[in-house]
Structures are given as C-alpha cells and as structure tokens.
Asker: 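Dumping the structure here so I can ask a few things about it.
As the structure is a computational prediction, the values presented were derived from the model and not from experiment.
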Amino acid sequence: MEITFGNCTFLPIFSLLLCMCSGCHGCMDEERDALLQIKDSINSPEGTAFSSWYGEDCCQWEGVQCNASTTRISSIFFNYQRDPSLLENWYPNATLFAQFKDLEILHLPVNRIAGFTSPEELHSLKRLQQLNLQDNSIENASHLCWGKGALPSLYYLDLSGNNLQGFIPECLCDSLLLKQLILCYNHLHGKISPCLSNMTALQYLDLSNNQFSDSLPTFPFHNLPSIDTLILSKNKFRGKFSFSIFANLSKLSHLDISYNPYLELETEFRTCFPSIKLIELNLAGCNLRKLPRFLSSLNSLKTLDLSDNLLEGNIPSWLMHNATLQLWVRGNNLSGPFPKTFGNISSRLTSLDISKNSFYGPLLEDIHLIFPELLYLSASDNGFNGGMPPSFGRLKRLQSLDLSGNKLHGEIQYLLTSNMSRLQYLYLYDNNLRGDALPRNLSFSKLEVIDLGNNDFTGNLLDSLPWSLLQSPALPQLRGLSLHGNHLEGQIPHWLCQMRHLEILDLSGNNLSGHIPDCFDNITSWSDFSHGHYWSGLDLSSNRLTGSIPVQITQLKALSSLNLSHNKPFGELCPELTKLTHLESLDVSHNKLFGEPCPEFTHLTFLVLFNVSFNNLSGTIPVGYQFSTFDASSYIGNPGLCGNPLSRNCGVVVEKPPKSNGNVLLSNMATTNHLLFPCILFLPVINLVYLGGLISTSF
C-alpha cells in the first residue's frame, strides 16, 4: 500500500473513488445497459444473438471494443447477428447507440435493418468515423438523415446491398468530410445527385450496380479533386462522352465504367491527358469497336480490362507494354496469331486473358521469354492448333493455365512433368490431345484442379502414377479432377482415394470397367461438412462398371451429386441411400437395378434431379415433398413401377423380384457433365479475380 503526504496522491483512495464511479466493471453502466437493450432488440422476437455475452465487463463481450484509457466503447462490430430465421426487418433505436459518446466505428452489416427509429439521435456520435450498413434492407432514404452537421468526424459510409430507391438522398451530402462513399447494389436511378460534387474530400466513390441513366458529362466530376477511385459500372448511363471529363482529376488512379451498354465512348479523341495517372482502367462491356486512342498515352496503367466489347483485328504490341500487370480482352472479335510484344521484348504482364476470341495458329514457341512473369494465362475458346510447346513448361511462376476449347493435339507429357511447381489450375478440355492423361512422372504438389475432359487420351489409370507417388498422397491438394469424354480403360484405381480434399471427380464417358472402389469414404471432403465447399460431385456415368455398389458410398454425406447412370451395376434400392441427405442430384438410370423405391427417398429434401429410368424397379413411386415435381421421364422404362406421374395406377399388385444380398445402389447426377462440373469451369474466373486482387494496387 502506497500512502504519502504533501504533493503526492493517495493512490488507493483514488482507485477506490474510480471504482465507485465506474463500477469497476471495465465499461460504463449506461453503455452496458444500452448494449443489453440492443441485444433484446436484435433478437426480437426469438433470436439467439450474443449468447456468449456474460460477466459485467462489456468490453470483453463479442463484437465490442473499448478505449483502453477511458474504458468507454470505441468500436462495435455486430456483423451477421440478426437470426436469418427472423423474417421481420429490424429497426434499431438510434437513441441506444447515442449512449456510446466515444464511438468511432459502427459496423452493422447483414442484420435486416430497414432503418433507424429516431435517426436524428445519431448526431450525438461526434467521434464516429466509420458507419457500415452493408447488405441490409433500407429502402427509405429518410432513415439516413440524421441532421445537418451531424457526424462531423464520419469519413467512411457503406450503404451497399440495400434497397435504396430513387435518387441519391440529398441528406448524404451533408457529410462533407466523407472520404469513402459506397452505394453499389441498390436501386438508385436517374442522375447522379449534383450535391455529391460538394464533397470535395471524397476519395472513393462506388455507384456500381444501380440504374443511373443520365448522361455522364452532366455531372461535374472536376469538382472532386481528391477522388482516387471512381466505380460507375453496371448502370444505364447513356449518350456519347469524352474521356476528357476526367482530365483534371490528377489523383484518379482507378476508374471503372464497364457494362454500361447505352454509353458511347469517343475512341478517336487524340488529346493526351498528362495529369491522369490511372493505374487501373475497366472499359469492359462498353460496345467498343476500336481501341480508344488515348490508351497509348496512359503510361502508368497496370491493369486494363477491355473484355466483352466488339474489338476486331489483332492486339497492338504497344498495348502489351502500356498495361504492365494485367490485360484482359476476352469476349471480343480479335483475330490473328498469338499476340506478341514489339520486337519480342519481354513483357511484365502477370495476367493475360485473350479467351473467347478468334485467334488462330500455333502457340508461342518462346512464350517463356516473351511473358516470363505470367501467373495467369487464359487463351481458351479460340482456334489455336498444333502441339503444346515445351516453352509452356518453362513458365515457372504460372499458377493458372487455361487452353481449353481449341484445336490442340499431340501429347502433354512435357508440360505435366516439367518444373512448373506453382501450377494450381490446369484446363485443357475440349481439344484433341492424346497419349497418357496423367504421365507416370507427374509431380505437382500444388495442383488443385485438372480438367482434361473431351480429348483423345487413352491408357489405364491403374498404371498412370509411379510407385513412389503411391506411397504418399498423390496430388495432395487436388480438389477437382475431370477426365470425362476420353478413351480411358481398365479399373478405377484406389489411389484416387488418397486425394482427401477431392470435391469433384468426373470419369464419365470412358471405357472404364470393373468394380466401383470401396474406399471413396476415405475422401474426407465427401463425408465431412467442415471442408466448407458449396458443391461436390462424383460422376462415373457412361462406362462399363459392374458388380455391387459398395456400402461405403452411403457415408458420403457431404456429396451434392452422384451419377452412376449408363453402367451395369446390380443391386436393390434401399433406405441406406437416404443417408446422403445433401444430395441435389441422383441419377441411376439405364442400369440393372431392381426393388422398390422406398418412401424414405422423400427425406432427400435437397433433390432437384432424380432419375431411376430404364431399370427393373417395381412398386409404388414415392409421394411427397419435392417428389411431386419429378415428371414421368424420371421413371420410364421400369415396367413394374406404378403411381404418379406414370399413367399406370397401383390397383394391381405387381410381383416383386427376389431381394438381393443387400447391395446398396446409388444415384448420380444430372443428365450430363454440364451439371457436374460447373464450379470447375468457374474457377478460372475466380482465379482471375483472386490474382487481380493480389496484383493490383490496393485502394
């Protein structure tokens, strides 16, 4: 105990007085009471949010942060707290939030907020700097009007993903010190409110995914001298405009006006814009028929997106140098040989997308010299022919390669056995490639997706991997493997079961024979929901598989789609199949199955496709739930089946075939690979966005 006299302080007594004032609970009583009332409000009538709140120190509660010196609440992060089962909108009382006098950050996204009651009470939050109301249900802009001069410290406001209607609320312009304003994914229309031009401190403005329809030149962009990022994409802006409207924005580095189909950009404008230092420019989906001339003067560009336009001819070599990191021109009418740089000078591009055009001819023999820095390359859906040059195997930094949908032929052994140790995604489907699909010396520890479907690969998968790889998990990171539509033979190898992260396996449309492996339950992503994937599938259709269906199949509870159609399995439909509760697609058509579809099949409530046609099934078709949506095509070709939706009623008892030894039959997925492999085909886009975010300059 320290007790002194004179000029010294009685520390124990001071501490005691402080405890008497604050309650020694680590936060103010009035703030704790306000939090408890907010909890009751957000849970009304029967929610479960903040069940972890306990004790008197609210500074330790979930979603709450306090100032260490004052013990007053400084930050609130109540993200995704409103119970989704509560269908009513939430109208939080602003008076409760006004109790937090030192509040600097308030995040309330995804809580079905339709507005505040007493919104003017928010004027008490003089220190509030960030307000995030993203993905709520606010329609009425009046709920955003908290009074002129209120929130004087606010610099970040996110209202994206609400239901805001009509014009931009004028009261938002009262926040003159705002630096970041995000209004995307609403239903705002008309013209951009002129009052926004008074917000001279604005640095980041996102108005994308609305229905603005005015002419761009009518807004005085030159009044936003601090603007760094301007996102106007996916609206209905109309009329002709010149890039000169942005000429005086010397700090503008990111501009996105993509997918405004009624907008016409002047491409012949010759004037240079030395004051503009754009780093990223997105002009996708702007109906461009010619490359804008001003692009040649934008020497600071790192990312340029010209996708989904009407551009013709070849890509000029200077464009490969002006866009120094990422160049995307997919979905145009460009043609000619594979693009090159001027004088074959090495490009610094890390991402190049020329897919969905009309390029032709052989692939570059020296691509590793011209584009040595590539991380992502997509040249799919063109007319490239010839073989796979060894130079592709020397792109040592490459993470994603998509050459699908061309006319390539020959083998890929060198490509797949080279030292491309960073490769994660490989798409070569829809070509004329031949030889071994998976060479014996394959060694890619980071590969996540391989799609070699619809080629002319042959051979036996049992012999495709060497003994050394079989001693440890083969391709340990693999999540998707598609070899559909080839000429593979032999049995399905057990080494596939070592790929524990596998989400999609498509071996359909081959000449595989023998039994279905009994080890698929070793693939944990098919039996364990903790992996967090949205869709998984197993497609073994259109082969020559025989024998019984292994009982281990019924353990694949996380499987979304199972397709065993057009084979020769023998077995009886039984209740064990109802354990596959996550199935969305079950197809066991065109097999030799017998027995009766038991009523428990109606427990598979996620099913959107069910096909047991052309078997030897008998008895009554299950009734109820989603089974009322399946038509007769799901059951035809089974003479012993009766009941809706077949025209054959069940008035006559049909003699049932003898029961088997309990073999379990499974289902499969939809009609074709088009349903089985959607996420695999979508991964190049994800990878592009991921790499783009990784490479481009952060805002």
Asker: With distance as the sole criterion, is a donor-acceptor pair present between the side chains of Asn282 and Tyr259 under 3.5 Å?
Answerer: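 Looking only at side-chain atoms, Tyr259 and Asn282 do not form any donor-acceptor pair under 3.5 Å.
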Asker: Check step by step if side chain to side chain contact (heavy atoms under 4.5 Å, CB included) holds for Lys557 and Ser527.
Answerer: CA-CA 5 Å; Lys557 297 179 180 179; Ser527 57; 5.8 Å; no
Asker: Give, for atom CG of Asn638 and atom CG of Leu593, the distance between the pair rounded to the nearest 0.5 Å.
Answerer: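 Separation between the atoms: 8.5 Å.
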Asker: Are the side chain of Asp451 and the backbone N or O of Gly453 linked by a donor-acceptor pair below 3.5 Å?
Answerer: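 It does hold such a pair.
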Asker: Using a 4.5 Å cut-off on heavy atoms from C-beta on, say whether the side chain of Thr350 contacts that of Leu374.
Answerer: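 When only atoms from C-beta onward are counted, Thr350 and Leu374 do not touch, as no gap falls below 4.5 Å.
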Asker: Check for a donor-acceptor pair, side chain of Trp526 on one end and backbone N or O of Glu503 on the other, with a separation under 3.5 Å.
Answerer: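 Indeed, once roles are kept as given, a pair shorter than 3.5 Å links the two residues.
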Asker: Main chain of Leu545, side chain of Asn567: is a donor-acceptor contact present, judged purely on distance under 3.5 Å?
Answerer: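 Checked: pair present.
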Asker: How close do Leu507 and Leu512 get, heavy atom to heavy atom, and via which atoms?
Answerer: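 Scanning both residues, the minimum pair turns out to be CB-CD1, 3.9 Å.
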Asker: Does a side-chain N-to-carboxylate-O contact under 4.0 Å join Glu448 and Arg479?
Answerer: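 Looking at Glu448 and Arg479, the cut-off is met.
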Asker: List the atom of Asn511, the atom of Asn543, and the distance in Å for their closest heavy-atom pair.
Answerer: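 Scanning both residues, the minimum pair turns out to be N-OD1, 3.5 Å.
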Asker: Quick check: do Phe359 and Pro339 have side-chain heavy atoms less than 4.5 Å from each other?
Answerer: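 Counting from C-beta outward, Phe359 and Pro339 do come under 4.5 Å.
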Asker: Go through the steps for Tyr376 and Tyr425 under the test side chain to side chain contact (heavy atoms under 4.5 Å, CB included), then give the verdict.
Answerer: CA-CA 9 Å; Tyr376 172 91; Tyr425 306 97; over 6 Å; no
Asker: Is the distance between the ring centroids of Phe627 and Phe610 under 6.0 Å?
Answerer: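 Here the rings of Phe610 and Phe627 have centres that are less than 6.0 Å from each other.
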Asker: Check whether any side-chain N or O of Asn385 sits under 3.5 Å from a backbone N or O of Leu408 as a donor-acceptor pair, and report yes or no.
Answerer: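 Looks like no, no N/O pair under 3.5 Å.
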Asker: Between Ser513 and Arg544, does any side-chain donor sit less than 3.5 Å from a side-chain acceptor?
Answerer: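 Short answer, no.
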Asker: Is a side-chain donor or acceptor of Asp256 paired with a backbone partner of Leu283 at a separation under 3.5 angstrom?
Answerer: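 Not at all, since once roles are kept as given, no pair shorter than 3.5 Å links the two residues.
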Asker: Start with the C-alpha distance between Leu377 and Phe392, add both sets of side-chain angles, then the distance that settles side chain to side chain contact (heavy atoms under 4.5 Å, CB included), and finish with yes or no.
Answerer: CA-CA 11 Å; Leu377 173 60; Phe392 276 78; 3.8 Å; yes
Asker: If I take atom CG from residue Asn209 and atom SG from residue Cys184, how far apart are they, to the nearest 0.5 angstrom?
Answerer: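 Asn209 CG to Cys184 SG: 6.5 Å, rounded to 0.5 Å.
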Asker: So how far is it from Ile516 CD1 to Ser548 OG, rounded to the nearest 0.5 Å?
Answerer: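 Rounded to the nearest 0.5 Å, the CD1-OG separation comes out at 8.5 Å.
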Asker: Applying side-chain hydrogen bond (donor to acceptor under 3.5 Å, both in side chains), run through Gln326 and Thr303 and close with a yes or a no.
Answerer: CA-CA 5 Å; Gln326 301 176 108; Thr303 298; 2.7 Å; yes
Asker: If you take all heavy atoms of Ser561 and Leu583, which pair is closest and at what distance?
Answerer: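 Answer, listing the atom of Ser561 first, then Leu583: N-CD2, 3.7 Å.
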Asker: Heavy-atom distance under 4.5 Å between the side chains of Arg434 and Asn455, does that happen here?
Answerer: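 Answer no - side chains too far apart.
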Asker: Would you find a donor on one side and an acceptor on the other, under 3.5 Å apart, between the side chain of Asn406 and the backbone of Phe384?
Answerer: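 The answer is yes, because a donor-acceptor pair under 3.5 Å joins these two groups.
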Asker: Indicate whether the side chain of Asn454 and that of Asp430 have a donor and an acceptor atom separated by less than 3.5 Å.
Answerer: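 Note: Asn454 and Asp430 side chains meet the donor-acceptor criterion.
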Asker: Would you say Ser391's side chain and Glu365's backbone share a donor-acceptor pair under 3.5 angstrom?
Answerer: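 Yes: the side chain of Ser391 pairs with the backbone of Glu365.
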Asker: Working to the nearest 0.5 angstrom, can you tell me the gap between Ile523 CD1 and Gln555 CD?
Answerer: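 Reported to 0.5 Å precision, the distance equals 14.0 Å.
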Asker: Please examine the side chains of Tyr427 and Leu403, heavy atoms only from C-beta on, and report whether any two atoms are closer than 4.5 Å.
Answerer: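 A side-chain contact is absent here, since even the closest heavy-atom pair is not under 4.5 Å.
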Asker: For the residue pair Phe457 and Ile412, establish whether any side-chain heavy-atom pair is separated by less than 4.5 Å.
Answerer: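 Heavy-atom side-chain distance check passes, below 4.5 Å.
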Asker: Taking C-beta and beyond as the side chain, do Ile354 and Phe338 meet within less than 4.5 Å on heavy atoms?
Answerer: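 Side-chain contact under 4.5 Å: yes.
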Asker: Given the side-chain rings of Phe570 and Phe594, with only the six-membered ring counted for Trp, is the space between their centroids under 6.0 Å?
Answerer: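 Judged by ring-centre distance (under 6.0 Å), Phe570 and Phe594 do meet the cut-off.
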Asker: Can you list the steps and then say if Asn431 with Asp456 is a side chain to side chain contact (heavy atoms under 4.5 Å, CB included)?
Answerer: CA-CA 8 Å; Asn431 278 288; Asp456 294 320; over 6 Å; no
Asker: List the atom of Leu398, the atom of Leu401, and the distance in Å for their closest heavy-atom pair.
Answerer: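 So the two residues come closest at CD2-CB, 3.8 Å.
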Asker: Any salt bridge linking Lys302 with Glu280? Criterion: basic side-chain nitrogen under 4.0 Å from a carboxylate oxygen.
Answerer: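 No, Lys302 and Glu280 are not salt-bridged.
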Asker: Without swapping roles, check the side chain of Asn615 against the backbone of Ser613 for a donor-acceptor pair under 3.5 Å.
Answerer: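 Here the side-chain-to-backbone pair exists.
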Asker: Where the side chain of Glu312 meets the backbone of Ser335, is there a donor-acceptor pair that is under 3.5 Å apart?
Answerer: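 No, the answer is negative, given that no donor and acceptor are paired below the 3.5 Å cut-off.
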Asker: Which heavy atom of Leu306 sits nearest to which heavy atom of Leu311, and what is that distance?
Answerer: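 Closest heavy-atom pair between Leu306 and Leu311: CB-CD1, 4.1 Å.
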Asker: How far does CG of Asn591 sit from OG of Ser565, to the nearest 0.5 angstrom?
Answerer: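 These two atoms lie 7.0 Å from each other.
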Asker: Check whether any side-chain heavy atom of Leu395 sits under 4.5 Å from a side-chain heavy atom of Ile367, and report yes or no.
Answerer: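 Of all side-chain heavy-atom pairs linking Ile367 with Leu395, at least one is under 4.5 Å.
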Asker: Between the main-chain N or O of Val110 and the side-chain N or O of Asp135, is there a donor-acceptor pair closer than 3.5 Å?
Answerer: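 Between the backbone of Val110 and the side chain of Asp135 there is no qualifying donor-acceptor contact (under 3.5 Å).
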Asker: Hey, what do you get for OG1 (Thr546) to NZ (Lys568), rounding to the nearest 0.5 Å?
Answerer: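 With rounding to 0.5 Å, OG1 (Thr546) is 8.0 Å from NZ (Lys568).
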Asker: With side chains defined as the heavy atoms from C-beta onward, is the minimum distance between Leu423 and Lys446 less than 4.5 Å?
Answerer: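 No - every pair of side-chain heavy atoms lies 4.5 Å or more apart.
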Asker: Please say which of Ser307, Ser378, Ser355 ends up in a side chain to side chain donor-acceptor pair (under 3.5 Å) with Arg330.
Answerer: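 Single side chain to side chain donor-acceptor pair (under 3.5 Å) partner of Arg330 among Ser307, Ser378, Ser355: Ser307.
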Asker: Quick check: closest heavy atoms across Asn460 and Gly490, and the distance to 0.1 Å?
Answerer: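 Closest pair (atom of Asn460, atom of Gly490, distance): ND2-CA, 3.7 Å.
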Asker: Under the criterion ring pair (Phe, Tyr, Trp, His ring centres under 6.0 Å), I'd like the reasoning laid out for Phe606 against His582: C-alpha separation, chi angles, the key distance, then a yes or no.
Answerer: CA-CA 6 Å; Phe606 289 107; His582 199 60; 5.7 Å; yes
